[in-house]
Amino acid sequence: MRPIKLKITGFGPYAGVTEIDFNKLGNGGLYLITGDTGAGKTTIFDAITYALYGNPSGNNREVSMFRSQYADPSTPTEVELLFSYYGKEYLVRRNPEYERANKRGEGTTRQRAGAEFIAPGAAPITVIKEVDQAIRDVIGIDRNQFCQIAMIAQGDFLKLLLAPTRERMEIFRHIFKTELYANLQERLKREAGSLGDECQTIRNSIAQYIRGITCEKEEEDYPKVEEAWQGKLVMEDTLALLERLIEKDNKKEEELEEEKSRKQKELDRIKAELIKAEELLLAKKELERKELLLQKLQEEEKNCENRCRELKEKEPLSKEYTEKAAGIQASLPDYDELDSRKKLLRDNQLL
């Protein structure tokens, strides 16, 4: 910020209208205000600071003290400052609250505090709070920072040098417009922290999977697996170890699949033999049942023959015995079939 023109009216020791044209001092950007004690040097500082921020440059003066006691009752108390910032000119005008003469009649009335700010190409701002905010938006620093860096009065520069590091960083950040880089740095710091947390989570997950690697103690890779469990193995070697173990597991899996196929064939053969054995067992049981039946029928046949002989000897065969003999004679082929099956069963048992 470079002041161009300062107009002081009824302000402090300046009872009338006083104008200071800073353009006459050149464009060096650094001005030295000197003079005897009480000459009004501090009032100039106060006027500039008041125009911008609505407060004096020092902490031992009040705004209510700005009304000049030497001013005519009809003379207003106000400060007007024309300044430039990055090639643009701005005008700000303020007045404190004070007692002024009535415009009509006798007596005085209370003049309310007021402010006006005019920026290039914008409508005037006349609300005090909005003027304060507009000034801060343009210059980028508050009153305390302004007094420390732009207007050094009576050793105040020492306050800047002795200010805490964080406060000085904040001041210089506003001066050199490095807030953008500070914000970027902070955002990158947050992102780096977030990515760091994600990386740590991934590392923990990888470590958990690595601890899940299994290997027989007899295998040659077991010592490397132990190193991986303990985190002593670099990632490249760990990946190479996993590839070897996976290759071995794949080979074992192929061998087991072949063995499984062989066992399945053997199981199928045994199942077929069991089915055949079950059929033979059923045939054997059926044979034993029919042998018992044959034996019983043979006994009955023998009894019938004996009875027939007895009857023949005694008297002619009755019709009943004739029919029974015919039935037995008709069942003889069944006995022949039973003999054939019995022979077949014996042949299968000999196999």
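Sequential numbering from 1 along the given sequence is applied to the chain's residues. Quick caveat, the model's predicted, so the values are computed rather than measured.
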Do the charged groups of E247 and R244 touch, with an N to O distance under 4.0 Å?
-> no
Rounded to the nearest 0.5 Å, what's the gap from NZ on K24 to NZ on K5? Could you check?
-> 8.5 Å
Spatial distance of atom CZ (R2) from atom CD (E89) [nearest 0.5 Å] | 8.0 Å
Checking T201 side chain against D197 main chain: does a donor-acceptor pair fall under 3.5 Å?
-> yes
Any idea which heavy atoms bring P13 and T43 closest together, and the distance?
-> CD-OG1, 3.3 Å
Do you know the tightest heavy-atom contact between A47 and I8?
-> CB-CD1, 3.8 Å
Are E273 and R269 ion-paired here, with the side-chain N under 4.0 Å from a carboxylate O?
-> yes
So CD of Q133 and CG of D137: to nearest 0.5 Å the spacing works out to 4.5 Å
Residues E99, R110; criterion side chain to side chain contact (heavy atoms under 4.5 Å, CB included); working and verdict = CA-CA 5 Å; E99 289 288 334; R110 176 65 60 178; 3.0 Å; yes
Could you check N23 against I4 for side chain to side chain contact (heavy atoms under 4.5 Å, CB included), going step by step and ending with a plain yes or no?
-> CA-CA 6 Å; N23 281 330; I4 298 175; 3.2 Å; yes
Tell me, with the steps shown, if K302 and Q298 meet side chain to side chain contact (heavy atoms under 4.5 Å, CB included).
-> CA-CA 6 Å; K302 185 176 180 181; Q298 287 175 344; over 6 Å; no
V131 with V138, same ILVMFWY side-chain cluster at under 4.5 Å = yes
List the steps, then state whether side chain to side chain contact (heavy atoms under 4.5 Å, CB included) holds for R100 with T109.
-> CA-CA 6 Å; R100 63 170 176 82; T109 187; 3.5 Å; yes
Would you call Y90 and P120 a side-chain contact if the rule is heavy atoms closer than 4.5 Å?
-> yes
Hey, could you give me the CZ/CD1 distance between R93 and I118, rounded to the nearest 0.5 Å?
-> 6.0 Å
Locate the shortest heavy-atom distance separating I125 from A134; write the atom from each residue and the value.
-> CD1-CB, 3.9 Å
Grab the two heavy atoms, one from T77 and one from Y98, that are nearest each other, plus how far apart they are.
-> N-OH, 3.3 Å
Considering residues, nucleotides and ligands other than Q185, do more than 12 of their heavy atoms fall under 6.0 Å from its CD?
-> no
Between E254 and N250, is any side-chain donor less than 3.5 angstrom from a side-chain acceptor?
-> no
In terms of ring plane angle, is the pair F11 and Y50 parallel, tilted or perpendicular, where the classes change at 30° and 60°?
-> tilted
Could you tell me whether the side chain of R190 reaches within less than 4.5 Å of the side chain of E186, counting heavy atoms only?
-> yes
So, do Q264 and D268 sit near enough that their side-chain heavy atoms are less than 4.5 Å apart?
-> yes
For the atom pair CZ (R262) and CD (E258), what is the distance rounded to the nearest 0.5 Å?
-> 6.5 Å
In this structure, NZ of K271 is separated from CD1 of I275 (nearest 0.5 Å) by 8.5 Å
Answer yes or no: are there more than 12 heavy-atom neighbours, outside R112 itself, under 6.0 Å from its atom CZ?
-> no
Are L294 and L287 connected, step by step, through hydrophobic side chains (Ile, Leu, Val, Met, Phe, Trp, Tyr) whose heavy atoms are closer than 4.5 Å?
-> yes
Given the rule that I, L, V, M, F, W and Y join up when any side-chain heavy atoms are under 4.5 Å apart, are L91 and I139 in one cluster?
-> no
Cluster question for you: counting only ILVMFWY and a side-chain heavy-atom cut-off of under 4.5 Å, with indirect links fine, are L82 and L6 together?
-> no
Correct closest heavy-atom pair for A71 and A15 would be CB-O, 3.5 Å
Distance-only donor-acceptor check, side chains Q208 and N204, under 3.5 Å = no
Do E78 and R94 pass the salt bridge (Lys or Arg N to Asp or Glu O under 4.0 Å) test, and can you show the C-alpha distance, the side-chain angles, and the key distance before you say yes or no?
-> CA-CA 6 Å; E78 65 178 14; R94 287 184 191 265; over 6 Å; no
E299 and N303: side chain donor to acceptor below 3.5 Å | no
Hey, any chance I206 and L242 share a hydrophobic cluster, counting ILVMFWY side chains that come within less than 4.5 Å of each other, even indirectly?
-> yes
Does a sphere of radius 6.0 Å around NZ in K88 hold more than 12 heavy atoms from other residues, nucleotides or ligands, not counting ones at 6.0 Å or beyond?
-> no
Which pair of heavy atoms, one from L81 and one from P3, lies closest together, and at what distance?
-> CD1-CB, 4.2 Å
